[in-house]
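Below is one structure, written out as structure tokens; comments come after it.
Naming convention: chains lettered A, B, ... in sequence-line order (proteins, then strands); numbering from 1 in each chain.
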There are 4 protein chains.
Amino acid sequence: MPPKVVFEVDLTKPWPEQPVPGHNRWHPDIPPVASVKPGEVFRVECQEWTDGQIRNDDSANDVRDVDLTRNHVLSGPIAVEGAEPGDLLIVDILDLGPFPHGTKTPHNSPTTEWGYTGIFAKVNGGGFLTDYFPDAYKAIWDLHGTTCTSRHVPGVRFVGIAHPGLIGCAPSHELLQEWNRREAELIATDPNRVPPLALPPLEKNAVLGTLKGPEFERAAREAARTIPPREHGGNCDIKNLTRGSRCYFPVYVPGAKLSMGDLHFSQGDGEITFCGAIEMAGWIDLHVDLIKGGVAKYGITNPIFRSSPYEPRYTNYLVFEGISVDERTGKQLYLDATVAMRRACLNAIEYLKKFGYTAEQAYIILGAAPIEVRVSGIVDIPNACVTLYLPTEIFERPILPEEPPTAPTSGQVARAT
Amino acid sequence: MPPKVVFEVDLTKPWPEQPVPGHNRWHPDIPPVASVKPGEVFRVECQEWTDGQIRNDDSANDVRDVDLTRNHVLSGPIAVEGAEPGDLLIVDILDLGPFPHGTKTPHNSPTTEWGYTGIFAKVNGGGFLTDYFPDAYKAIWDLHGTTCTSRHVPGVRFVGIAHPGLIGCAPSHELLQEWNRREAELIATDPNRVPPLALPPLEKNAVLGTLKGPEFERAAREAARTIPPREHGGNCDIKNLTRGSRCYFPVYVPGAKLSMGDLHFSQGDGEITFCGAIEMAGWIDLHVDLIKGGVAKYGITNPIFRSSPYEPRYTNYLVFEGISVDERTGKQLYLDATVAMRRACLNAIEYLKKFGYTAEQAYIILGAAPIEVRVSGIVDIPNACVTLYLPTEIFERPILPEEPPTAPTSGQVARAT
Amino acid sequence: MPPKVVFEVDLTKPWPEQPVPGHNRWHPDIPPVASVKPGEVFRVECQEWTDGQIRNDDSANDVRDVDLTRNHVLSGPIAVEGAEPGDLLIVDILDLGPFPHGTKTPHNSPTTEWGYTGIFAKVNGGGFLTDYFPDAYKAIWDLHGTTCTSRHVPGVRFVGIAHPGLIGCAPSHELLQEWNRREAELIATDPNRVPPLALPPLEKNAVLGTLKGPEFERAAREAARTIPPREHGGNCDIKNLTRGSRCYFPVYVPGAKLSMGDLHFSQGDGEITFCGAIEMAGWIDLHVDLIKGGVAKYGITNPIFRSSPYEPRYTNYLVFEGISVDERTGKQLYLDATVAMRRACLNAIEYLKKFGYTAEQAYIILGAAPIEVRVSGIVDIPNACVTLYLPTEIFERPILPEEPPTAPTSGQVARAT
Amino acid sequence: MPPKVVFEVDLTKPWPEQPVPGHNRWHPDIPPVASVKPGEVFRVECQEWTDGQIRNDDSANDVRDVDLTRNHVLSGPIAVEGAEPGDLLIVDILDLGPFPHGTKTPHNSPTTEWGYTGIFAKVNGGGFLTDYFPDAYKAIWDLHGTTCTSRHVPGVRFVGIAHPGLIGCAPSHELLQEWNRREAELIATDPNRVPPLALPPLEKNAVLGTLKGPEFERAAREAARTIPPREHGGNCDIKNLTRGSRCYFPVYVPGAKLSMGDLHFSQGDGEITFCGAIEMAGWIDLHVDLIKGGVAKYGITNPIFRSSPYEPRYTNYLVFEGISVDERTGKQLYLDATVAMRRACLNAIEYLKKFGYTAEQAYIILGAAPIEVRVSGIVDIPNACVTLYLPTEIFERPILPEEPPTAPTSGQVARAT
């Protein structure tokens with residue numbers, strides 16, 4: 001028997017008007033929309049993370065103007081019978097994908113078999129290299145089964161490692177309080193920064209399931225924004241959490257209250273353009289089970305997971321190194337993996353420009369294709385060494401240093417006008 | 001025909017007394033010890049990085065007391081005919097390994113087919129988790145061909161991804177000056193820190209090939225220490241730079257002056273215990289070639305390399321997540337991949353303790369086994385998400401959450417007395 | 001834009017009554033049902049190979065009584081504009097899968113997300129080990145996205161390598177004639193054998209697209225049965241011809257006339273139970289292109305293909321050897337890979353029986369799971385050596401020789417009553 | 001501690017004159033040369049299989065004239081303490097390789113770091129395609145650590161999967177008798193065939209350890225030739241039995257009496273040129289253990305083994321199909337995997353000829369490189385379908401059908417004069 005659908009979405013309606021009420025903040029009091037038993041298999045449908053604000057077209061105006069108070073639209077919470085705080089919730093990711101063409105009618109595209117990658121503007125979200133890419137750009141990807149191509153990034157074709165960017169259980173009140181405390185403290189160190197250091201709770205555009213009235217208002221003032229990954233998992237954006245993986249999530253509230261969203265057809269490690277994955281609406285099939293008392297038994301703080309045997313295995317990588325010296329000032333940082341990663345990314349972009357890609361195309365390739373970013377050295381004071389693994393098989397044009405640099409490709413990414 | 005040996009070591013003699021004079025600092029004026037042609041294949045012998053200070057025994061006193069002014073002992077520089085600044089030096093890593101038993105007599109072990117992993121004391125080098133592991137520890141590994149086991153870490157057996165921890169070309173005078181400037185500035189921000197933020201040039205115990213007298217003295221005052229990776233590569237400690245890889249190094253001085261050392265039988269991403277790899281003396285076979293003007297042609301800043309098809313491919317990973325919240329203070333950091341990695345490491349150690357390993361054994365496993373550390377998310381403000389991939393196939397005892405926690409192993413790592 | 005559907009099936013109707021007329025024999029004169037251009041992407045729907053004779057239930061009576069004159073039901077032929085004899089037709093397999101639940105209504109199952117593996121009776125089809133398994137059996141598989149399980153084979157869960165068992169271009173009249181000649185000669189050597197040596201053309205139940213009247217009758221008398229793979233590809237049952245593969249088919253007739261069917265969710269090398277794959281109805285997305293004159297240019301006789309980076313990569317195999325000595329008579333055969341393979345299969349079955357599987361379950365596992373069968377030695381007279389690679393990760397119970405033999409599983413395969 | 005060497009070879013002396021007496025026939029009465037305990041690690045040295053008859057030069061006269069009564073020279077037997085008939089002998093292959101240059105002096109080459117592949121003449125051994133390649137040819141390979149190249153096959157470079165072509169325990173008297181019976185019966189069906197169907201016992205050039213006088217004579221008359229793999233393993237030529245594998249061998253005589261030889265630096269599935277691997281002298285490190293009564297416990301007939309995680313993983317294969325129709329007569333064979341494999345090999349050779357290789361070079365590539373040969377279909381009467389997987393990454397020149405055919409390479413294989 002096929003999985004029952006415990007959360008259904010209507011791709012023509014915004015989140016507050018969905019037949020099944022989802023949410024877009026984290027709060028322990030959001031009532032479950034459905035209940036499943038340990039051992040059960042079920043399907044969850046998801047809207048893409050911005051609630052359908054981005055269109056399958058050739059302008060990046062929508063990325064530039066996206067309203068970031070509406071995300072991430074989350075499907076759930078789903079109660080798991082018998083789950084109690086301190087348990088580990090086993091979640092097997094059986095499969096996921098875009099909605100097959102014809103099964104849903106989206107309002108923003110002629111087909112459901114598409115996705116997009118956005119470079120977010122510095123004034124509205126930013127990204128890992130936002131100082132170099134302050135403006136908004138967009139690439140549309142056509143999803144051909146398990147592979148994808150983009151009219152905005154010619155000469156590239158690859159198999160995605162599809163995954164939910166965001167999945168986790170509801171926090172307890174205590175944990176939520178702790179999140180709000182520490183993030184508020186960080187924001188207070190530079191409250192007017194652009195882009196901001198973190199995002200505080202925000203009632204505007206909050207969707208909290210069936211909560212209404214004063215209950216809604218209280219919860220909306222407390223509820224955590226969905227951008228960061230936290231102890232419960234959440235928006236981890238781990239590209240390898242794909243079909244065939246088995247995850248173990250800490251349970252904080254009775255019933256666990258599992259939610260998810262932000263499906264990605266593919267993503268590079270780091271998701272560097274902010275919305276760097278190939279974002280899509282779609283479905284995900286799950287199987288759940290419980291390990292009673294598993295949190296203490298296995299000493300768990302954050303979720304853990306078992307990787308899948310079913311990933312594309314590219315084996316020919318071109319690898320770029322980065323070290324923790326600021327590239328603009330020449331300043332030496334101390335074992336700063338973030339800076340070392342930035343430099344590895346910049347090195348890769350510089351290289352790709354020699355082979356006919358624009359900087360924006362290169363940036364998008366690194367965000368969307370299955371690149372790996374590894375922290376190779378973190379003890380050789382004062383330099384961290386981070387390495388970026390770019391699979392050469394994804395390119396349909398020469399890309400190796402044995403080969404001559406090549407002419408520009410014909411396409412370009414979509415810009416804001 | 002087999003490769004000619006262009007650099008030979010005597011494992012019974014300290015670096016200053018070697019028949020072929022090596023070096024342990026970076027400086028453009030160190031004269032080459034040999035010359036090879038583009039297209040040539042040759043062998044280089046290497047002492048282990050501390051110059052043989054560590055012994056194949058069951059006490060960590062040697063790790064505690066190691067003299068860190070003597071490392072890294074480097075074999076070279078090797079001149080490549082025709083290499084000029086701005087070229088890319090192609091280096092194929094054909095193979096490497098420990099010296100076969102019987103071919104060399106080491107002074108610190110009954111055999112050459114061994115290696116060690118050290119946890120360095122906080123007062124003498126430290127490591128990634130030095131606040132948790134302030135004392136010195138050591139594990140000895142027996143190298144059985146391509147696999148290894150340790151009497152100090154029972155129940156673990158794995159195939160190493162052997163690689164040179166350190167390889168690169170000599171810097172130009174300008175580049176060296178830049179290194180010294182930026183690192184001195186960093187040190188000046190906290191000059192008495194323990195462990196130090198970085199290491200300035202140091203004449204004591206400097207070995208600079210055949211340089212003598214005033215030339216030696218001047219160079220020794222300027223020559224860069226070997227610990228950090230830098231623009232030329234150097235001590236990158238990239239575990240995947242293994243047999244079958246092809247590297248492209250920027251050339252800064254006529255003849256390129258390639259040097260290498262710090263051979264590792266295996267290492268986890270990050271080399272987290274500082275001397276976290278399985279350190280060994282051994283040999284490496286190389287093939288070199290030149291891409292004239294390659295630095296500008298391909299927009300190269302740091303070395304790049306092509307990965308090898310010949311790596312052990314573990315496919316069953318247990319994955320630990322970490323986020324950038326300080327685990328002691330609860331302080332929220334902003335997209336700090338270093339902190340997120342530390343938490344992923346601590347999570348993995350905590351988990352392994354449930355399966356019978358001591359904290360020190362777990363720390364050493366993460367440093368020495370082929371674990372992967374990936375920066376999964378670096379844009380989801382304010383949390384970076386780093387994931388640590390632990391191959392479950394390396395354990396000879398149960399290690400999955402489906403399995404009950406297990407009793408302690410029989411062994412323990414060597415301690416300082 | 002999603003692929004246009006060039007061939008649609010109705011799962012409630014037998015092949016002769018489909019809205020789009022398919023076929024179940026090979027003949028050059030069957031008119032195309034659709035036409036595509038080089039460079040085009042399109043979708044083809046397929047019924048399972050027996051035309052829906054097998055039911056999702058717990059009796060193998062349907063396998064025992066299956067009418068083998070109705071298969072394989074093929075979707076096509078599809079004409080490719082500009083294709084001429086001597087060209088190579090490039091076919092990229094973009095993706096394939098069962099119909100998502102709810103998109104089609106099958107007559108023989110409550111869901112479309114299922115498949116089956118049959119052991120065919122010796123008197124009706126047989127299989128590779130039919131002398132040991134003369135009766136009919138069946139296992140039903142539940143398809144959970146990319147993984148599958150079976151109520152008839154407990155303790156096994158794996159990711160399938162989905163593929164079209166059958167795909168190829170129509171033969172020319174000359175090639176068809178040659179097929180008929182050589183197969184008739186083989187049949188004539190033992191015309192009454194059970195199971196038969198080969199199957200001659202048969203008018204009964206032939207479906208030949210829109211051919212009618214005398215044209216139909218002539219073609220039906222000549223048209224080749226679909227069971228064997230031949231020069232054009234056809235029923236190759238190559239498990240690695242999966243999503244991400246690129247195939248190159250010889251073209252024999254104007255327009256190429258590409259047809260396909262017999263979709264498999266998974267299959268072991270050899271498909272040893274005859275209907276050893278996990279058979280399913282479903283869809284397949286293709287991209288086609290042409291290499292003009294490619295047959296002569298590249299010296300092609302049979303199709304060639306490029307493998308996919310997207311396969312499950314099991315790495316822990318338990319391997320069984322077989323040699324070419326008949327196991328019943330002790331007779332020595334001369335480099336007979338078929339006999340050596342049979343013995344490797346029997347060895348694996350014997351082994352699996354020690355771990356609680358019935359012989360029928362073991363046989364079905366070898367037919368349906370992604371096992372590899374390699375011809376390791378074919379020159380060491382007089383013994384061929386064939387090896388069977390069984391991925392141990394597919395088992396949820398112990399399966400290694402380090403582990404004690406285990407009790408029977410709870411389930412059993414479906415039998416005929 | 002490094003492994004003790006239990007069998008040492010002198011590469012300047014023929015087998016009968018070795019300091020440690022090996023053997024070149026299988027017989028239960030050959031006395032062990034050494035004894036090891038379960039749990040022990042040890043090293044065994046091996047001469048190449050023909051006893052050094054082949055030279056590192058550019059003439060194939062030695063291959064043409066090789067004396068096939070002298071092979072395979074085997075190192076052993078090694079007794080394992082406590083092993084009894086019915087036990088399973090666990091053998092871990094820890095590592096193997098050619099002798100490092102300088103550690104041994106061979107009589108037939110300026111270095112030990114070499115190997116060769118021979119096409120044997122039809123009148124002296126033959127090979128899988130001997131009707132197409134009736135004459136003797138040879139290619140010499142230079143072994144650069146784990147990769148190899150050949151002056152006789154330019155444009156190819158690959159990583160070998162090193163393995164012992166031959167390893168196994170001594171047969172019991174009963175098993176030996178059975179081998180002799182069945183092989184004699186086969187020979188009797190065509191006693192004068194060239195090449196022969198099988199090889200009967202032969203006293204000439206037999207070496208049986210320390211056996212002397214009448215004991216030697218009796219044993220030499222009975223002892224089995226070493227060419228075929230049999231129930232005990234023996235000359236299986238399984239390319240994946242490499243470092244990191246764990247094998248389980250049936251024990252037939254007290255002490256098990258393990259012997260091995262025929263080391264291969266690399267081999268394609270099938271070893272199709274007869275001496276198709278890259279043959280070398282070298283060393284192998286092993287670890288042994290026992291499963292008491294394991295043969296009955298696990299239902300073992302032939303050896304089984306666990307594969308290694310440490311293999312080169314090429315992922316871009318070009319795949320050739322073959323079916324069981326005789327290519328010369330057009331005769332249809334019934335599910336004959338041997339013929340189908342021959343046709344897949346011929347298809348691959350024909351293709352490689354379009355890219356500048358001679359037929360002999362192509363044949364040698366298929367024999368020596370890590371190609372895979374899989375039996376994809378063995379039930380689709382009357383055609384078996386065999387697929388040959390050629391890794392495209394081993395070629396340094398274009399090799400795909402998207403690329404134009406290329407000019408001949410500069411080199412050619414060594415011929416007999």
Side-chain angles (χ1 to χ4, degrees), chain A residues 127-128 182-183 185-186 197-198 227-230 235-238 248 269-272 274 291 297-299 301-307 309 315 317-321 323 325 330 332 334-338 341 347 350-351 354 372-383 385 387 401 405, chain B residues 127-128 182-183 185-186 197-198 227-230 235-238 248 269-272 274 291 297-299 301-307 309 315 317-321 323 325 330 332 334-338 341 347 350-351 354 372-383 385 387 401 405:
Chain A
F128 188 51
R182 72 189 185 205
E183 292 176 25
E185 286 178 12
L186 176 67
L197 289 170
I227 291 284
R230 297 187 185 94
N235 191 30
C236 283
D237 289 324
I238 299 170
Y248 306 83
D269 277 345
E271 204 194 5
I272 63 173
F274 183 54
I291 300 179
K297 195 173 170 188
Y298 296 108
T301 300
N302 298 76
I304 62 176
F305 71 93
R306 293 172 64 179
S307 60
T315 50
Y317 290 99
L318 191 59
V319 188
F320 298 87
E321 307 175 5
I323 55 174
V325 174
Q332 176 71 56
Y334 178 73
L335 299 181
D336 189 322
T338 306
M341 177 170 169
N347 284 342
E350 214 49 44
Y351 182 88
K354 302 289 183 181
E372 302 221 330
V373 177
R374 302 182 190 157
V375 183
S376 289
I378 196 69
V379 294
D380 298 317
I381 56 168
N383 268 322
C385 177
T387 42
Chain B
F128 187 50
R182 72 189 185 204
E183 293 177 22
E185 286 177 13
L186 175 68
L197 289 171
I227 291 282
R230 298 186 183 93
N235 190 31
C236 284
D237 289 325
I238 299 169
Y248 306 83
D269 277 345
E271 203 193 9
I272 63 173
F274 183 54
I291 299 179
K297 194 172 171 190
Y298 296 107
T301 301
N302 297 77
I304 64 174
F305 70 94
R306 294 172 64 179
S307 62
T315 49
Y317 289 98
L318 192 59
V319 189
F320 298 87
E321 306 175 4
I323 56 174
V325 174
Q332 176 70 58
Y334 179 73
L335 300 181
D336 188 321
T338 306
M341 176 171 170
N347 284 342
E350 213 51 43
Y351 182 88
K354 301 288 183 181
E372 302 221 329
V373 177
R374 303 183 190 156
V375 183
S376 288
I378 196 70
V379 294
D380 298 318
I381 56 169
N383 269 321
C385 178
T387 42

From B/T338 atom OG1 to A/L335 atom CG, the distance as rounded to the nearest 0.5 Å: 7.0 Å
Closest heavy-atom pair and its distance - A/V375, B/M341: CG1-SD, 3.4 Å
Distance (rounded to the nearest 0.5 Å) between B/C236 SG and A/I323 CD1: 8.0 Å
Non-hydrogen atoms of A/I381 and B/L197 that approach each other most closely: CB-O, 3.6 Å
Which atom of B/P382 lies closest to which atom of A/L186, heavy atoms considered: CB-CD2, 3.4 Å
Heavy-atom pair with the smallest gap, counting every atom of B/Y298 and A/P401: OH-O, 2.8 Å
Top contributor to chain B interface from A/D269, A/D336, A/V319, A/I272 [non-hydrogen pairs under 4.5 Å]: A/V319
Rounded distance [0.5 Å steps], CG in B/D237 versus CG in A/D380: 4.5 Å
Best-contacting candidate, A/G270, A/G330, A/S307, against chain B by heavy atom pairs under 4.5 angstrom: A/G270
Contact winner vs chain A - B/P309, B/G127, B/P303, heavy-atom pairs under 4.5 Å: B/P303
A/L318 to B/R306 - nearest heavy-atom pair and separation: CD1-CG, 3.7 Å
Chain B contact via A/Y351 - side chain, backbone, both or neither, heavy atoms under 4.5 Å: both
Toward chain A, the part of B/E372 with a non-hydrogen atom under 4.5 Å: side chain
CZ-CD1 distance between B/R374 and A/I238, expressed to the nearest 0.5 angstrom: 10.5 Å
Interatomic spacing from CG in B/N383 to CZ in A/R230 - rounded to 0.5 Å: 7.5 Å
Leading residue by heavy atom contact count with chain B [cutoff under 4.5 Å; candidates A/A337, A/A198, A/P229]: A/P229
Portion of B/T387 that has a non-hydrogen atom of chain A nearer than 4.5 angstrom: side chain
Euclidean distance, A/E321 CD relative to B/I304 CD1, rounded to 0.5 Å: 9.5 Å
Segment of B/F274 engaging chain A (4.5 angstrom heavy-atom cut-off): both
Heavy-atom proximity to chain A below 4.5 Å, by part of B/I291: side chain
Smallest separation among heavy atoms of A/K297 and B/K354, with atom names: O-CD, 3.3 Å
A/E350 vs B/T301 side-chain heavy atoms within contact, under 4.5 Å: no
